[in-house]
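What follows is one structure encoded as structure tokens, with my remarks underneath.
Letters go in sequence order (proteins before strands), and every chain restarts at 1.
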Amino acid sequence: MATRFNALKSDAHWQRVWEDARTFAADDHSPKPRSYVLEMFPYPSGRIHMGHVRNYTMGDVLARYRRMTGHEVLHPMGWDAFGMPAENAAMEKGVHPGGWTRDNIATMKAQLKRLGFALDWTRELATCEPDYYGHEQALFLDLYEAGLVYRKESAVNWDPVDMTVLANEQVIDGRGWRSGAVVEKRKLSQWFLKITDFADELLDGLADLKDWPDKVRLMQENWIGRSRGLRFRFILSGFSTSLEANGEDGASPPPFVLSVVETLGPDASIEVFTTRPDTIFGSSFVAVAADHPLAQAVAESNPEAAAFIERCRQGGTTAAELETQEKLGFDTGLTARHPFDPEWNLPVYIANFVLMEYGTGAVFGVPAHDQRDLDFARKYDLPVRRVVSEGEQTDPVFEGDTAYTGPGTIVNSRFLDGMDVESAKRAVIDRAEAEGWGQGTTVYRLRDWGVSRQRYWGTPIPIIHCDACGPVGVPKDQLPVVLPEDVSFDVPGNPLDRHPSWKHVSCPSCGAPARRETDTLDTFVDSSWYFIRFASQPKDQPFDRAVAERWLPVGQYIGGVEHAILHLLYARFWTRALAHIGRLDVAEPFAGLFTQGMVTHESFYARLLSVDSVEKLPDIVNVMFEQELTKREAYDKFGEHYVSSTRWLPPEQVIINSDGSLSCPTIEQEFAGSDDVIVDGIFRGRVEKMSKSKKNTVDPEPIVDQYGADAVRWFMLSDSPPERDLPWSEAGIEGAWRFVQRIWRLFSETREGEGEDKALARKLHQTIAGVAADVEALAFNKAVAKLYELVNAIEKAQPSATRAEAVRTAMLLVAPMTPHLAEEAWAAAGNEGLIADAPWPAVDPALLVEDEVTIAIQVNGKLRDTITLPKGAPKEDAEAAALASDKIVAFLGDKQPKKVIVVPDRLVNLVA
RNA sequence: GCGGACGUGGCGAAAUCGGUAGACGCUGCCGACUUAAAAUCGGUUUCCUUUGGAGUGCGGGUUCAAGUCCCGCCGUCCGCACCA
């Protein structure tokens, strides 16, 4: 064997061997226990990045380990291939999205193969191919027939940069998740999936997902946002009084009342939702959203109301704006009758803090027990009445500016007095239901999933619009509805809509001329079922139910936490929807979920100073020339005309000087000849996620070429716990490379020996058990540490039969992590077959326990000495040995310990 | 504002049940080998005023014993955000 591991040669060789032997192809009919290991499939953006490498390495170690422990493993890979970047590339570079995407897939596939992942490439799929999205269209139509898809005119989030609609989930702080542009509201006819039908199931199902991170379950729980409460109607009392007044004495009601009558009819009422019906006697106003029909009706005849509504709409939606925005209201002059007291009338406001999208778009305000209502009431001087006692405090007059939201006894509330909060809620709901003016309900934050996108590069929605028949599903025998190839991207908007012929078809139902739906599906639909298609991919249907059910659910799903809500919620919904229509008997798609951390890297930036105006520049340059000033001197003189900006620098261009200061010759050179730009300094940024904007990315490919796949894989698993961020460093990858060479030397040695080495045998078996447990728990950093310990121990051990056995076993233990090296060593050592097919070594339980233990001796809880005793030594022996210790004798002097605590095999604590 | 996670050497971290804090790796330093360098190997690397003492963000508490449990702060990160 060579003394140096030739990764380049070895990687290529074993990758070919695995491929030729179809080693990692999953057998649908295997009698072995099954294990479905899946990492979130990548978007083919161009090249793989370190995040992919880390993600897929983790999954790979688990998949290889599972194979070694006798499982039939399904570990597939594919491409989430539809989406905006392909269209952006088309617009920027004039290439076709399909060509661009497929080229990227080819590149990235080669890169993944270069890392030696144990993937079943026979099941590879790309969502942009008709043989995938055609089946998706069929499933969409199935859901349509089952009533889980509907079309509705709705205000949508419109991204003005990407020129498309975004789902609520894709709007972050009022901006598009991709473009970062401020999202506008537009009214459009959109297709929706009835995810809200499954709100309860999706929420309650979380409880069964024991192998999901608590964090993700909680995020989904909050996202679904279930609130139980009372929905009821306020009769508009001021409204009816005016009508009666009109009838009695002939006086005309104010014009706005007439307008409201026309719009809403004579039985006008306001429906509100509350989670605190127990506080109903503390209410002092009713408020509706600016978009509420009542507000609209009032605005029609009241210009002031209209102006107020306009003002509400202009209010920002970002976090900061909401934080500082004042609670504003407009008194409509209408009053609402309290449901428990016809004489009690509440003013009706239009308020900027009430959301039309949540609940009923109207609330009743209980200032004493809701902070927002209190702010509002204080501003408009409305009554603030305490109805829940706060300790001894029961005074109906509520003082202060902090609402009380805690528990207590209901007070000042007529028939509710004396009840606790929960009983009072029930009592009010019971009364409302008995008297017919309200009912207990559940309200969700979750909205239905809008899936229409005005884009080309997505799955065409298989619907045809007919003037006579309305929307008609494309007959299944006409699927797939294939995207046309001849499209142009020279103008923004949807190329499908502009295409001269594609959308013109005849109605499948009546044959009349009709139009194809030109919207495509949100790409999250594509990723909502790909794991099912991986498990089973017949030509004639989306999946074979029996085969899919054999593999599902995915045993271990691994991916980034950024998908904690969107993708994971949609996939859970889609799976349940398929179950609902009887296509699949699987409730939850992912039994185990793991969210891995990012790969981070240090970042550096230069601070640049430059003249802020083009007009000023010639003046300054002239002065510099006349007075022979340096750029720095000119800055000292004209500093007020300069602005500073940040330029991120690739870390490899930054030089760390011996005194710790930083310099960057590249950028200094770049601006050396410039008239006005001063490189003010080079600074260290944060260690953060690799990103193009921070210029701190590291391309895996040259790294793999330099160090080999195994060193890169080993580094990805080392040091940082997998759920935490992994800081990339040159020193780190070199350390990994050194280790690869080190175990190669160990495996190459021929130091056969005789006899047993009990201590090494123990270490070996503890390591076998420990690494197995760590890999199963995905605690790769701990497994790596244990392997280091084992290798250290073997290297130090004298030749023996045990040592030779330990070397052989170590090959198996590192095989999931550094598979190429393991195969090479395994073959060189004369073993039959592939190490990838070899069984995981068996543990001798007898060797897991030590026969001697080190016992700590403490005095008053502080460590003073350690002694070695046989394992299981009786307490008396331990105590006697402790008291006999020289150090302890010296420490205690004449004193006798007052108390002795002995924890067998652990410690002796002497209390003096 | 609400919810959650986290805080341990110069750095990444370990300590799985309340029982020897810092395993393992990185970096640095010293040494061996070498004409030299690389590689490799050995040693060392929490801090201090070092026969000892202190130490797991800070302040308290429970306990024979606390990184771990309890109470109160501070800080960092993540999610949600006028949710009725």
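Between G25(B) and A14(B), the two C1' atoms lie 11 Å apart (nearest whole Å). A distance of about 39 Å separates the C1' atoms of C71(B) and C26(B), rounded to the whole Å. Look at the C1' atom in both C17(B) and A65(B): the space between them is 15 Å, to the nearest Å. Atom name C1', nucleotides U56(B) and G4(B): the rounded distance is 23 Å, in whole Å.
Taking a pair to require two hydrogen-bonding distances under 3.5 Å in either a Watson-Crick or a G-U wobble arrangement, C69(B) pairs with G61(B). Pairing for G7(B) goes to C74(B), judged as Watson-Crick or G-U wobble with the two contacts each under 3.5 Å. Both distances falling under 3.5 Å, in either a Watson-Crick or a G-U wobble arrangement, place G1(B) opposite C80(B).
Residue contacts shown for S720(A) are limited to sugar-phosphate atoms, with no base heavy atom under 4.0 Å away. At a threshold of 4.0 angstrom between heavy atoms, the contacts of V354(A) include nucleobase atoms, whether or not backbone atoms are also involved. In this structure, R217(A) reaches neither bases nor backbone, as no heavy-atom distance under 4.0 Å exists between it and the strands shown. Nucleic acid contact class of R906(A) (heavy atoms, under 4.0 Å, all strands): sugar-phosphate only. Within 4.0 Å of V911(A), counting heavy atoms only, lie sugar-phosphate atoms of the nucleic acid but no base atom.
Heavy atoms of other residues, nucleotides or ligands lying less than 6.0 angstrom from CZ of R378(A) number more than 12.
For R686(A) and C77(B), the shortest distance from a side-chain N or O to OP1 or OP2 is below 4.0 Å. OP1 or OP2 of U27(B) sits under 4.0 Å from a side-chain N or O of R738(A). Distances shown here put a side-chain N or O of R745(A) below 4.0 Å from the OP1 or OP2 atom of C41(B).
When all heavy atoms of P870(A) and V853(A) are compared, the pair lying nearest together is O-CG2, 4.3 Å.
Between the base of C24(B) and the side chain of K782(A) there is no donor-acceptor pair shorter than 3.5 Å.
Residue-to-nucleotide proximity on RNA chain B shows that, of L726(A) and M356(A), the 5′-proximal contact is made by L726(A).
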